[in-house]
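We count ligands from 1, going down the list as the structure has it; atoms in each ligand are counted the same way. Only this structure's heavy atoms are used, side chains among them; waters, hydrogens and symmetry mates stay out. Residue numbers start at 1 and run along the sequence shown.
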Amino acid sequence: MPTITKSTCCYCGVGCGVLIESQDERITGIKGDPDHPANYGRLCSKGLSLPLTVASDVGRAFYPEMRANRDAPRLRVDWDTAMDTVAQRFTEIVRKHGPDAVAFYVSGQLLTEDYYVFNKLAKGLIATNNIDTNSRLCMSSAVTGYKLAFGADGPPCCYDDLEYAKTVIFAGSNMAYAHPVLFRRLEAAKAKDPSIRWIVIDPRRTDTAAMADLHLAIEPGTDVALFNGMLHHLIWEGLVDQAYIDSNTDGYTALKNLVREYTPRMAADLCGIQEKDLIQAAEWFGFSPAALSLYCMGLNQSSHGTDKNLALINLHLATGQIGRPGAGPFSLTGQPNAMGGREVGGMATMLAAHRDIGNPAHRAEVEELWGSATLSDRPGLPAVDMFDALLDGRIKAVWIVCTNPVHSMPDIGKIRAALNSAEFVVVQEAYTQTDTVPYADVLLPASSWGEKTGTATNSERRISRVRQAINAPGEAKADWWIANQIGRRIQHLLRPELRDLFPFTSPEMVFDEHRRLTVGRDLDIAGLSYSVLETQGPQQWPFPAGESGGQTRRYTDGKFLTPTGRAQFHATQYQPVAEPTNARYPFHLLTGRLRDQWHGMSRSGRVAAAFSHAPEATLTMHPVDAERRGLQAGSLVTITSKRAHVVLPLQVSDEMQSGTVFAAMHWNAQFLNCGGINEVSSSAVDRRSFQPELKHAAVRVEAADLPWRILAARRGDVLKIQASVQPLLHECAYAAIKVEADLLVLKAANGEPPAGWLERLYLALDLPTGTDTLEYRDAQRRIAKRAVWDDGALAGFVFAGEATSADALLASLRQGQPWQGSRLAVFSRQTTNIIADRTICLCKQIKASHITKAIAEGATLNQLKATLGCGTVCGSCVPELKQLCDRGALAPAIGASK
Ligand SMILES: Nc1nc2c(c(=O)[nH]1)N[C@H]1C(S)=C(S)[C@@H](COP(=O)(O)OP(=O)(O)OC[C@H]3O[C@@H](n4cnc5c(=O)[nH]c(N)nc54)[C@H](O)[C@@H]3O)O[C@H]1N2
Ligand SMILES: Nc1nc2c(c(=O)[nH]1)N[C@H]1C(S)=C(S)[C@@H](COP(=O)(O)OP(=O)(O)OC[C@H]3O[C@@H](n4cnc5c(=O)[nH]c(N)nc54)[C@H](O)[C@@H]3O)O[C@H]1N2
Ligand code: SF4
Ligand SMILES: [Mo]
């Protein structure tokens, strides 16, 4: 009999409740938890495919590993050896160079309990504030914005506001992809009340934008000008709420003076949109009984991310659109526990429970509660600075937990150099093939989703239990446990005189200590405990002692947490992106997410179906720009910034504006010859939030001259084949792995064949010579072809030397049917170009060609659902289905794919 465990999805900040089905230490299924108030039973394509991510142990980190030096291989060691080593090296470095010579780089995907112990280890024991997180790349501008405007961090809104809102602004958020289950709630609300207005602010026509009543395709980075222009119109049309401004805010006059110059015409010009559209947006917002703004990385990941947040909040304060059902500035959190990390103060710029490092009273409170060493009053180094300090030797050792900076940080070349120059690197990971693992002197194997216990807080401040369904494989351990064990050892070496700082024997003990620190703070959760969560289900904070529930909405009484009790307006001047385009770098590069992949793909990349919607890394460009440069869809292009270059196939689509190009953030050296698009991205940061401008870089795009081409495919255990091919990828100027159910496809290109590469590829793909192998070589033309049969069916092939396509062969490989006729035909059976037939609906596996055919025959969205079944399970594909229907039977795409 399968066991059912109630837990939480480990992907996005929606924080959906899940029911995990498991049997014999394997996760066998998943369902949405009908009782969870985030999703009421729904899951998106990513959540639904979680069991597939853990179906195989290939690539999991099983045992602690260590290496004697940079050039030695990492070898298996026991836990005590690994933990003693980490404790000793950290202690030595702290003794010799001081506490700020070590750093922790952690993650918004850790559970609150994990985060808490790491924060205590850094700040309470070692007395350094050098603990930062990937949330710096994600939420820090939102944090700064909230703190400056309201005096405290955390969204004022709740998910029910999605149903109450009458005007919804999506600012720099592709919610249809990134927060799909919440998007389903918005779709349902709009279907019920078609007078609801959606405004999308995004330089790209995303699936979210395509569903909007108004899409403001602004020039990248111009959001502040837009919001200022909207406010100008609201003021001059008398649409502001003067009574709210007078009684609840400060700073209005300065703001009013500033936005006087932002006439709708001037602002619209800066944004590259029409004045009437800006006015329309302002009026829908201003006249609305309830206006809700949902915002995400298009605002935060900017060198003026704090200003973008503040300018949007200004609009809400000026119109009193806050603290009421359906109204407010709602920052969507990206990671499942970005909020929990903020609550425990797990960042270089804050202390536990929303306290400030620079506030002596706050430090004293934490010291008292912890019985710890004197807390440091020196601000810690935020992510980008932290790696800079590692590079120049100020920091000697770093402990990286649950994040993959050699993929996700901007300007990865610099991150690699920093890790290479570090004295000691610890990587605490669940998977061994990520881009950061090769830099580990010590690899600590972590348990992952389905294997861990604790809590996480979602976007609406709701704390949910994460429960363990199965045991972790091998010797992998929970993150809090590892921090606690090593913490004890470091304390023994460094501060034995202090009270035991790491007494924890369970996550519940950690949670109880955490909630004691929140007493009297804005996020007070003294009334919450594991047993309350057990009996009453997930709860929002604040939840002080004596209360029967958490707080749904904040600031409902117009009282804020600033020293004056009034919200603060901030006069935000528009400033351009840090790296404007110019004649040398004429394109503006945007980056963002795909529907079915998660970040560095260490988990989602294990699911073949996740590749079917967007099969490969590409660069998307507007058709006019491509034509002007003589670039064809599908051809390889080199994307060059001031820092580095990357080669990718070109995708052509009018969802881009001319002058901007887009690349997904996910692809990395597990699937490509390089670390992905962050090779070229910029590490310019916002001066107040220190968040890097991952959304914007100036690049040039040229045809890549790489005449030697390889197309290879192999049937078998894809994870195993991928692991053996991965080390070869970087030797080519372009190489990309595509995954299908039991088929791995490799495309590569180079100026000429790298020495001995093909022979190594044959080995990696297990395509040996022998009776079941056919080979063709033409040394002069540098052509080499090899095909291998297994049990009479084609098992794999490599075609090298000329631009080849082989869809007939790929089809034959997929089928695995006995080969018909002469095997010699293998070298001539190809037809022309592969037309990418994407799978639009993952749940029902419905391909684009079937859908467009049905639409051509007159099918509506509802008929598509009824006849093909697409869009009827998780709903993640509905926005795209709707778009296809709206376009009528037109071809779904210009160029290679979409
Ligand atoms: N499928 C999927 N979902 C995810 C994740 C994932 O990896 N995959 N990750 C989660 C995480 S951690 C996060 S942070 C969220 C991110 O969620 P989102 O922020 O919604 O996703 P992104 O695609 O990164 O960026 C959103 C949009 O910002 C736009 N943009 C770029 N520059 C600008 C600009 O100057 N102004 C405006 N207004 N828009 C701009 C981009 O074109 C893009 O469409 O997603 C979460 N959900
Ligand atoms: N160009 C560009 N770059 C971006 C972004 C962008 O939009 N554009 N977005 C940025 C944003 S918003 C974010 S949040 C970051 C995300 O970037 P990362 O934090 O690098 O993302 P992940 O790939 O999710 O990394 C999590 C790692 O933890 C491992 N892991 C999984 N479970 C566990 C566990 O329980 N314990 C431990 N110890 N490890 C585990 C996974 O295998 C994975 O390698 O990327 C940022 N980088
Ligand atoms: S929306 Fe999807 S990825 Fe996000 S928590 Fe829910 S199921 Fe997981
Ligand atoms: Mo994020």
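At under 3.5 Å, not a single nitrogen or oxygen of Thr591, backbone or side chain, sits near a nitrogen or oxygen of ligand 1. Residue Gln335 has no N or O atom closer than 3.5 Å to an N or O atom of ligand 2. Between Lys308 and ligand 1, a contact under 3.5 Å exists for at least one N or O pair. Looking at ligand 1, you won't find any N or O of Gly592 less than 3.5 Å from one of its N or O atoms. The shortest N or O to N or O distance between Asp202 and ligand 1 is under 3.5 Å. Where the criterion is an N or O separation shorter than 3.5 Å, residue side chain and backbone included, Thr434 fails it with respect to ligand 2. Of the polar atoms of Thr403, at least one N or O is found under 3.5 Å from an N or O of ligand 2, judged by distance alone. For ligand 2, the polar-atom distance check against Ser681 finds no nitrogen or oxygen pair separated by under 3.5 Å. Here's the thing with Tyr431: none of its N/O atoms is less than 3.5 angstrom from an N/O atom of ligand 2.
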Ser141 and Asn309: CA distance, side-chain angles, deciding distance, side-chain hydrogen bond (donor to acceptor under 3.5 Å, both in side chains) verdict: CA-CA 7 Å; Ser141 298; Asn309 274 265; 5.0 Å; no

Check the pair Asn134, Gln109 against side chain to side chain contact (heavy atoms under 4.5 Å, CB included), reporting the backbone distance first and the verdict last. CA-CA 9 Å; Asn134 59 2; Gln109 293 172 64; 4.1 Å; yes

Kindly determine whether Asn174 and Asp207 satisfy side-chain hydrogen bond (donor to acceptor under 3.5 Å, both in side chains), including the steps that lead there. CA-CA 7 Å; Asn174 184 8; Asp207 274 12; over 6 Å; no

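Of all protein heavy atoms, the one lying nearest to atom 5 (C) of ligand 2 is Gln301 NE2, 3.4 Å. Protein heavy atom closest to atom 11 (C) of ligand 2, with residue, atom name and distance, is Arg593 NH2, 3.3 Å. The protein heavy-atom contact nearest to atom 41 (C) of ligand 2 is Ser602 OG, 3.1 Å. Regarding atom 36 (N) of ligand 1, its nearest protein heavy-atom neighbour is Asp223 OD1, 2.8 Å. For atom 1 (N) of ligand 1, the closest heavy atom belonging to the protein is Leu594 O, 2.8 Å. Nearest non-hydrogen protein atom to atom 22 (P) of ligand 2 is His599 CB, 3.5 Å.
Listed by number with element, the atoms of ligand 2 under 4.0 angstrom from any heavy atom of Asp479 are 34 (C), 35 (O), 36 (N), 37 (C), 38 (N). Interface atoms of ligand 2 facing Ala446, defined by a heavy-atom separation under 4.0 Å, are 36 (N), 37 (C), 38 (N). Near Gly600, meaning under 4.0 Å from one of its heavy atoms, ligand 2 places the atoms 23 (O). Using a 4.0 Å cut-off to heavy atoms of Trp598, the atoms of ligand 2 that qualify are 24 (O).
Judged by distance alone, the side chain of Ser604 and the main-chain N or O of Met601 form no donor-acceptor pair under 3.5 Å. In this structure, the side chain of Glu655 does not engage the main chain of Arg204 through any donor-acceptor pair within 3.5 Å. The main-chain N or O of Thr333 is found under 3.5 Å from a side-chain atom of Ser459 such that the two form a donor-acceptor pair. Using a distance-only test at 3.5 Å, with no hydrogens or angles considered, a donor-acceptor pair links the side chain of Asn404 to the main chain of Thr436. Judged purely by atom type and a 3.5 angstrom limit, Asp132 uses its side chain to pair as donor or acceptor with the backbone of Ala383.
At a 4.0 Å heavy-atom cut-off, ligand 2 touches Asn678 through the side chain alone. Contacts of Met409 with ligand 2, taken as heavy-atom pairs under 4.0 Å, are absent altogether. Residue Tyr177 touches ligand 1 through its backbone alone, judged by heavy-atom distances below 4.0 Å. The part of Leu590 lying near ligand 1 is the side chain, judged by heavy-atom distances below 4.0 Å. Using a 4.0 Å cut-off between heavy atoms, Ala178 contacts ligand 1 through both its backbone and its side chain. Residue contacts with ligand 2 for Ser107 are absent, since no atom lies close enough (heavy atoms, distance under 4.0 Å).
The closest approach between a heavy atom of Arg603 and any atom of ligand 2 is below 4.0 Å. Using a 4.0 Å heavy-atom cutoff, Ala478 is absent from the residues neighbouring ligand 2. Using a non-hydrogen distance threshold of 4.0 Å, Trp449 does not register as a contact of ligand 2. Residue contacts with ligand 2 include Lys695, since one or more of its heavy atoms lies under 4.0 Å from the ligand. At least one heavy atom of Glu429 sits less than 4.0 Å from an atom of ligand 2.
Ring orientation note: the planes of Trp198 and Phe170 are nearly perpendicular, at an angle over 60° on the 30°/60° scale.
Cation-pi geometry between Arg185 and Tyr159 is not satisfied (NZ or CZ under 6.0 Å from the ring centre, within 45° of the ring normal).
Side chain to side chain, Ser681 and Asn678 meet the donor-acceptor criterion of an N or O pair below 3.5 Å.
Aromatic ring centres of His316 and Phe227 lie farther apart than the 6.0 Å criterion allows.
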